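Below, chain A is the first sequence line, B the second, and so on; all start at residue 1. Values in this document were obtained by computation on a predicted structure and should not be read as measured data. Every heavy atom of this structure was used, including side-chain atoms; hydrogens, water molecules and symmetry mates were not.
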Amino acid sequence: MSKQILLKNAQLASGEVTDILVAGDRIVEVATAITAPSETEVLDCTGLVALPGFVDLHTHLREPGFEQSETVLTGTQAAAMGGYTAVHAMANTMPVADTAGVVEQIAGLGIEAGYADVYPIGAVTVGLEGKQMAELGAMANSKAKVRVFSDDGKCVHDPVLMRRALEYVKAFGGVIAQHAQDPRLTEGAQMNEGKVSAELGLTGWPSVAEESIIARDVLLAEHVDSRVHICHLSTRGSVEIVKWAKARGIRVTAEVTPHHLILDDELVRSYDAVYKVNPPLRTQDDVLALREALIDGTIDIIGTDHAPHPIEAKDCEWNAAAFGMLGLETAASIAQLVLIESGKSDWNRLVEVLATKPAQIAGDAENGQPIAVGSIANITVIDPKANRTVVAESASRSINNPYVGMQLPGRVIHTIYRGYQTVKNGELASRGRGRND
Amino acid sequence: MTKHLLSAGDLSREQAIEILDIAEGMSNVNDREIKKLPTLRGKTVVNLFFEDSTRTRISFEVAEKRLSADVINFSAKGSSVSKGESLKDTAQTLEAIGADAVVIRHSASGAANVLAHSNWIQGSIINAGDGTHEHPTQALLDAFTMRKRIHGAQSPGKALDGVKVAIVGDILHSRVARSNQLLLSTLGAEVHFVAPPTLLPQNASGFKAALHYNLDEMLATEKPDVVMMLRLQAERMNASYFPTEREYARIWGFNAGRLGALKDSAIVMHPGPMNRGLEIDAVTADSPRSTVLEQVTNGVSIRMAVLYSLLSGERSADV
Ligand SMILES: [Zn+2]
């Protein structure tokens with residue numbers, strides 16, 4: 001058992017200031033002026049905000065197969081530094097996470113690392129090839145208990161396959177997370193299609209390639225009465241379609257990445273491949289629409305799409321560079337910027353988009369629990385008044401971080417993962433939570 | 001002058017006119033019996049071509065040699081360019097060799113910018129065509145050719161104020177069109193793009209050019225001083241940009257009939273190599289209105305002027 005931890009004078013999302021006592025992997029007391037029992041680590045949280053540990057529904061951990069970019073260990077260390085206690089690992093590894101064997105291996109690596117819960121996402125189709133459905137049932141029934149399925153990186157483009165997948169996962173309460181990208185409309189695409197792509201002579205990735213797939217998929221979800229999750233919405237049009245679908249009662253949930261909330265396609269003028277990402281950075285108008293949608297609930301969650309790449313995949317000409325950017329260690333700051341610093345929303349909403357809702361979508365009852373007696377002790381403590389300049393140094397194995405040099409609000413001070421402190425005073429614990437912690 | 005020439009948009013009006021004026025001087029050198037200046041003696045210029053372009057490479061090479069530079073031709077085509085490492089590795093190799101300038105042609109838009117802003121190499125970078133982005137020395141030689149046709153011996157010091165230039169063809173994929181609209185507008189010319197809607201960008205609002213679909217209507221209403229026909233690349237033929245080559249030639253190609261519709265002083269340009277019978281017919285290509293061969297000749301003078309401006313040491317402070 002881990003020793004007891006007492007958080008003194010922490011502010012909850014509601015604004016209430018309280019003490020929180022953690023014993024073992026549980027929250028055992030929430031009250032003002034708790035006296036520390038013996039053998040208790042006391043953390044002064046005056047001026048700090050304590051929130052349920054964050055859950056990322058969209059992480060690329062790269063292991064197995066691309067360990068030069070990231071491993072389950074380094075990826076979950078970055079997650080802990082960002083305040084996360086659970087991550088969902090996308091299936092585009094090598095081998096692809098399309099069998100029970102691979103998903104169990106990834107889940108096992110997560111337990112071994114001990115920095116966060118690792119939930120493997122299963123591939124929808126064999127090898128992400130979009131041709132034949134993978135053994136979704138076997139993955140669901142495996143020790144990894146997969147509930148989220150995605151070909152992320154690629155779109156499940158075949159409408160019949162998408163329909164069948166949406167239907168099939170109803171058997172075990174699963175959800176399909178769609179990377180919405182019409183492949184024919186985005187052949188050779190390099191960046192958002194618009195004014196900037198025209199000037200830069202880079203092949204455009206039109207909004208309609210995303211929106212047409214979302215429109216199709218919400219209608220399919222309605223037709224077969226299933227649930228669909230849309231990964232990384234990036235356009236105003238996508239927001240409007242999701243809004244329409246929700247009003248119609250369709251069971252759709254939507255995600256936005258931190259980078260689509262603050263970066264736009266003007267940055268591509270530098271031809272710096274750190275800004276190359278899929279879906280691409282869009283216009284400032286899209287950024288504003290995504291922010292509003294996150295605030296008003298049209299968009300349900302922030303998913304980082306943390307996508308580590310080795311230096312050589314970015315230190316080259318734009319066309320040759322890989323798509324993707326880091327996100328785990330900066331997501332909470334960006335959420336704070338958009339929801340809190342803007343004055344347009346509050347900490348309750350931040351908890352919803354970073355913790356409660358992603359856990360709910362994934363059917364994960366063990367994360368996103370409230371800070372209350374009896375809850376699993378997954379707690380993130382943030383200094384909301386901190387102002388930090390993002391640096392390249394990171395717990396991640398990669399450095400494709402587009403925010404380096406930017407000023408962002410907030411800093412993760414402590415992360416408590418199932419009662420174990422993975423981050424203490426902004427420093428990563430030298431080892432993860434063991435089976436006996 | 002700036003240290004690099006990456007985009008035609010990097011040049012101010014004064015800088016552009018200065019290069020055109022220097023090129024006038026260079027063209028006099030090119031008319032002499034001994035076509036050589038000692039200006040770049042001891043300087044090493046590398047022609048780094050990741051994409052085949054014998055014409056552009058030869059033009060630069062002649063320019064470099066006439067300025068007495070040491071010339072290295074580095075053809076990187078066929079190496080593992082798709083891996084992306086090769087631009088960096090090659091650049092670092094050239095830096096180790098001690099290149100004072102690198103003339104780069106690359107199939108990726110922005111490759112010259114990446115090279116210039118990396119810390120891989122210290123020398124001047126001259127963009128000799130990057131993907132579908134820019135080709136600034138082509139725009140300079142085009143402007144030079146126009147100025148000479150319009151102003152003749154009075155050219156030095158002049159810009160292109162009020163000149164109407166129609167650029168016709170595959171605007172979407174044309175680095176020539178992109179560089180020309182930037183430079184020509186800087187020089188006071190009025191640019192018109194004419195293309196089938198499929199070969200215009202979906203959002204061309206950033207272009208300093210008016211857009212047209214109908215070539216005949218544009219010729220009738222705008223009465224351009226210059227018509228520039230763009231080369232139609234073979235890879236566009238079967239990608240649904242237009243139904244057939246025959247239909248394209250009929251609607252957007254330049255031919256004897258359209259030549260007759262031009263005002264007497266108007267000229268027809270083409271960056272070469274031409275697809276005769278497709279975007280331009282033989283009558284037009286071989287008519288006295290055509291400047292195709294002058295463009296080739298002027299290309300050498302312009303490239304000498306650019307090299308001179310960037311490397312001669314007489315340039316004003318870096319911008
Ligand atoms: Zn994706």
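- Remark: B/Leu211 CG is packed, more than 12 non-hydrogen atoms of other residues, nucleotides or ligands lying under 6.0 Å away.
- The environment of A/Ile311 atom CD1 is sparse: at most 12 non-hydrogen atoms of other residues, nucleotides or ligands sit within 6.0 angstrom.
- Distance check, rounded to the nearest 0.5 Å: CD1 of B/Ile104 to CD of A/Glu317 gives 8.0 Å.
- Ranked by heavy-atom pairs under 4.5 Å with chain A, the first of B/Gly110, B/Ala91, B/Ala111, B/Pro201 is B/Gly110.
- The closest side-chain heavy-atom distance from B/Trp120 to A/Asp315 is below 4.5 Å.
- Side-chain atoms of B/His133 and A/Tyr271 include a donor-acceptor pair closer than 3.5 Å.
- Around the CE atom of A/Met94, the shell of radius 6.0 Å holds no more than 12 heavy atoms that belong to other residues, nucleotides or ligands.
- Applying the side chain to side chain contact (heavy atoms under 4.5 Å, CB included) rule to B/Glu95 yields the partners B/Ile121, B/Gln122; only residues at least two apart in sequence or on another chain are considered.
- Of all residues in residues 195-208 of chain A, those placing a non-hydrogen atom less than 4.5 angstrom from a non-hydrogen atom of chain B are A/Lys195, A/Ala198, A/Glu199, A/Leu200, A/Gly201, A/Leu202.
- For the atom pair CG (B/Leu87) and CG (A/Asn319), the distance works out to 11.5 Å, reported to the nearest 0.5 Å.
- Ranked by heavy-atom pairs shorter than 4.5 Å toward chain A, the options B/Gln202, B/Glu134, B/Arg175 are led by B/Gln202.
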